[in-house]
**Student:** 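Sharing a structure below in structure tokens format, with a few things to ask.
Bear in mind that the values here come from a model prediction, so they are computed numbers and not experimental data.
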Amino acid sequence: GAGTGRYSVALAEEGYDVTAVELVKYNLGILKKKNSSVKAYQGNAMKLSRFPDKEFDLVLVFGPMYHLYSMEDKVKALTEARRVLKDDGMFIFSFPICNDMNTFEDISISSPEERLKYYGQKDHVRLYGKDFADIYTKYGFDLDIRRPKRALTKEQIERYGFIEDDVIIIAKKKKEI
């Protein structure tokens with residue numbers, strides 16, 4: 001979701017027409033108090049029914065990919081992102097990746113302390129690994145994988161809150177899936 005608007009507000013300030021969806025009402029309230037031009041709605045990434053097909057030029061999805069518990073929920077979120085994205089649009093997502101292993105998730109890991117130990121964050125439910133590209137291409141996206149330090153200026157990295165060695169995935173819809 002949009003959280004408190006870190007990316008949404010920054011993009012709106014750069015002149016983009018931004019629509020944001022956030023699950024948590026408290027976060028949505030903070031976003032709306034920023035008095036930006038962002039059109040913000042409460043909702044979740046798995047059900048974007050308020051938006052028609054092929055509505056957006058760009059879809060950003062960060063949190064849902066490491067917060068959603070089940071593969072079924074991740075697939076719903078990806079399917080909805082693909083549905084609302086214009087045919088020539090871009091889908092951008094980013095999450096921590098461990099290149100030394102395949103994606104790891106275990107639903108029995110449920111306490112914040114255990115999640116921190118296994119996933120590196122108290123609120124994450126998986127750690128993506130070197131197989132992440134296979135997961136996303138399977139659901140209809142062609143991927144362009146970049147590192148912020150090679151794709152963005154230092155000012156952009158700071159403004160958008162990236163870590164220089166993180167991975168940013170820029171995806172386009174495949175014509176056929």
Side-chain angles (χ1 to χ4, degrees), residues 1-97 103 105 107 109-110 112 115 119-128 132 135-144 156 159-162 166-174 177:
T4 59
R6 178 179 208 153
Y7 305 103
S8 304
V9 171
L11 289 167
E13 287 174 350
E14 290 183 21
Y16 294 99
D17 180 18
V18 178
T19 300
V21 177
E22 170 56 33
L23 177 64
V24 179
K25 195 172 191 174
Y26 177 79
N27 290 344
L28 192 62
I30 292 172
L31 190 160
K32 288 182 175 184
K33 285 180 184 174
K34 294 182 177 180
N35 294 319
S36 71
S37 63
V38 174
K39 295 177 285 301
Y41 301 96
Q42 188 170 16
N44 74 63
M46 297 178 295
K47 187 177 179 191
L48 300 174
S49 56
R50 77 168 52 242
F51 306 111
D53 294 357
K54 301 177 184 182
E55 174 77 358
F56 300 107
D57 297 303
L58 175 66
V59 175
L60 301 176
V61 179
F62 294 163
M65 296 300 99
Y66 49 80
H67 287 293
L68 292 172
Y69 286 94
S70 71
M71 180 57 81
E72 180 182 343
D73 287 349
K74 288 189 297 187
V75 170
K76 283 180 187 175
L78 287 171
T79 301
E80 278 293 88
R82 192 176 196 289
R83 181 186 65 77
V84 300
L85 185 64
K86 291 180 180 177
D87 287 337
D88 60 348
M90 286 193 309
F91 175 74
I92 299 178
F93 51 105
S94 182
F95 40 74
I97 295 172
T103 298
E105 53 191 320
I107 60 170
I109 298 171
S110 58
R115 288 180 181 162
Y119 305 131
Q121 299 279 335
K122 291 181 179 182
D123 60 345
H124 290 199
V125 297
R126 74 189 42 81
L127 178 61
Y128 281 98
F132 80 91
I135 295 168
Y136 289 90
T137 55
K138 182 165 77 173
Y139 294 105
F141 295 99
D142 287 320
L143 307 182
D144 179 6
Q156 289 171 318
R159 179 175 177 85
Y160 297 118
F162 287 111
D166 271 355
V167 172
I168 300 172
I169 300 100
I170 301 170
K172 294 264 191 179
K173 276 186 180 180
K174 287 183 181 180
I177 57 170

**Student:** Can you tell me how far apart NZ (Lys54) and CG (Asp87) are? Round to the nearest 0.5 Å.
**Tutor:** 3.5 Å
**Student:** Which heavy-atom pair separates Leu48 from Ala81 by the least distance, and what is that distance?
**Tutor:** CD1-N, 4.4 Å
**Student:** For Thr19 versus Tyr41, what's the shortest heavy-atom pair and its separation?
**Tutor:** CG2-CE1, 3.6 Å
**Student:** If you count every heavy atom of other residues, nucleotides or ligands that lies below 6.0 Å from Glu14 atom CD, does the total exceed 12?
**Tutor:** yes
**Student:** If every non-hydrogen atom of Asn27 is compared with every non-hydrogen atom of Glu22, which pair is closest and at what distance?
**Tutor:** ND2-OE2, 3.3 Å
**Student:** A side-chain contact here means heavy atoms from C-beta on lying under 4.5 Å apart; do Asp17 and Lys39 qualify?
**Tutor:** yes
**Student:** Quick check for you: to the nearest 0.5 Å, what is the distance between Ile169 atom CD1 and Tyr128 atom OH?
**Tutor:** 9.5 Å
**Student:** For the CD atom of Glu80 and the NZ atom of Lys47, what is their distance to the nearest 0.5 Å?
**Tutor:** 9.5 Å
**Student:** If you look at every heavy atom in Ala40 and Leu28, which pair is closest and at what distance?
**Tutor:** CB-CD1, 3.6 Å
**Student:** So how far is it from Leu58 CG to Ile170 CD1, rounded to the nearest 0.5 Å?
**Tutor:** 9.5 Å
**Student:** A side-chain contact here means heavy atoms from C-beta on lying under 4.5 Å apart; do Phe91 and Leu78 qualify?
**Tutor:** yes
**Student:** Could you go step by step and tell me if Thr79 and Arg83 meet the side-chain contact (heavy atoms from CB on, under 4.5 Å) rule?
**Tutor:** CA-CA 6 Å; Thr79 301; Arg83 181 186 65 77; 5.6 Å; no
**Student:** Of the non-hydrogen atoms in Glu105 and Val125, which two are nearest, and what is the gap between them?
**Tutor:** CB-O, 3.6 Å
**Student:** What's the separation between atom CZ in Phe132 and atom OG1 in Thr137, rounded to the nearest 0.5 Å?
**Tutor:** 10.0 Å
**Student:** With heavy-atom distances below 4.5 Å as the criterion, would you say the side chains of Lys172 and Met90 are in contact?
**Tutor:** yes
**Student:** Please give me the minimum heavy-atom distance between Leu31 and Gly3, naming the atom from each residue.
**Tutor:** CD1-O, 3.9 Å
**Student:** Measuring from Glu13:CD to Lys34:NZ, what's the distance to the nearest 0.5 Å?
**Tutor:** 9.0 Å
